[in-house]
Amino acid sequence: MQFEEIKNIISDKIGSSAIIKEDAAQLQPQLTVDQKFLLSICRELHVNPSLYFDYLSCITGIDNGPEKGTMEVIYHLYSIPFNHHFILKVELQRTIDALPSAPSVTSIWKTADWHEREVYDMFGIKFEGHPDLRRILLPADWEGYPLRKDYKQQEYYHGIKVEY
Amino acid sequence: MMNDESKLSSHSLLVIRNSTLEMSLLDTKFGQGGIIITGVDEVINWARLSSLWPMGFGIACCAIEMMSTYTSGYDLDRFGIFPRPSPRQSDVMIVAGTVTFKMADRIKRLYEQMAEPRYVVSMGSCSNCGGPYWQHGYHVVKGVDRIIPVDVYVPGCPPRPETLIGGFLKLQEKIRKESLVEPKAIEKLMQKKTEV
């Protein structure tokens, strides 16, 4: 199924207000949606018999930097029986005092558990409703989120100098 | 070192100092009841360096080269080097790979669990100095010598098995020169104290 058809199903079932932006000209067309509707959109993509996105290939985090003040989470979906792909995107405000947060999709795809933990570990994006949100790669007492544009590494970790 | 065969007949007395005793003794037949007189250091060191048991663990791609060094092709066992599954049974630790800060605490703990005398071979650029992660690797310890003392550094990324064997030959050289019986440092310290 093509991008346009999937997009139409989403706007029919969820409402066109859920769609913020579409980027169909790219090699991999992608749909930016309102994060309030993310969970219901994902559920529809998962259960709709004509879509059947049973596989969440990947979750990506992006930090657009403090100037732009936004962060992005990208979901790459794949349907094994229909062999079609879809890319969903949510944009988050890059808040300073609290971590930006997005809804967790672990209730739909189990594999999102570790993907979301990795995005949390590297970007400091919270996933509301995640069953076990803690760092996955770095030690639990690590300071900061390394893939953020304004990341500064700590000077010492457990008494060991970090700098070369 | 006496190599003359007649001297090695029964009831002979053999005096060895500063030994390189391995080969020349082992390829000669003995008579019955031969006696060898040698230094305690030489014999103990010979025994220790001929049976270096490394701890069986690896942390990155260097471990692949380390494993192939253990296999029959390179055969580390011919030097008496054979991996052990426990730090309590190990004499030497091969740090084969990238030491991350998360791993650093564990490596330190394993090192502390090894019985003395213990040695550390740092294998490859990562564990020598951080390797390719030296500049942007926020998660990498820039050299395992920041957490535990290192005896031999083996260069390479990763080092070939021959290089690791070379590292062990260097370690054997180091052990051969060691002395476990003469407390020279303490004697010097005592002398200093009495002088003051």
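Predicted model only: the values in this text are computed from it and were never measured. Here is the naming used below: chain letters follow the sequence lines, and residue numbers restart at 1 for every chain.
Shown here is Ile96(A), whose CD1 atom has no more than 12 heavy atoms of other residues, nucleotides or ligands within 6.0 Å.
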Are there donor-acceptor atom pairs under 3.5 Å between chain B and chain A, and if so which?
unit_1    : atom_1 : unit_2    : atom_2 : d
Lys102(B) : NZ     : Leu137(A) : O      : 3.1
Asp105(B) : OD1    : His158(A) : ND1    : 3.4
Asp105(B) : OD2    : His158(A) : ND1    : 2.8
Lys142(B) : NZ     : Val162(A) : O      : 2.7
Arg146(B) : NH1    : Lys161(A) : O      : 3.1
Arg146(B) : NH1    : Glu163(A) : O      : 2.8

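Checked by atom type and distance alone, the side chain of Ser51(B) never pairs as donor or acceptor with a backbone atom of Ala47(B) at under 3.5 Å.
Looking at Lys177(B), Lys170(B), Lys174(B) one by one, the single match for salt bridge (Lys or Arg N to Asp or Glu O under 4.0 Å) with Asp151(B) turns out to be Lys174(B).
In this structure, the separation between CG on Leu51(A) and CD1 on Ile9(A) is 4.0 Å, given to the nearest 0.5 Å. With rounding to the nearest 0.5 Å, the separation of CZ in Arg48(B) from CZ in Arg176(B) is 12.0 Å. The distance from the OG1 atom of Thr69(B) to the CD1 atom of Ile94(B) is 8.0 Å, given to the nearest 0.5 Å.
Ranked by heavy-atom pairs under 4.5 Å with chain B, the list Gly159(A), Ala140(A), Pro139(A) is led by Pro139(A).
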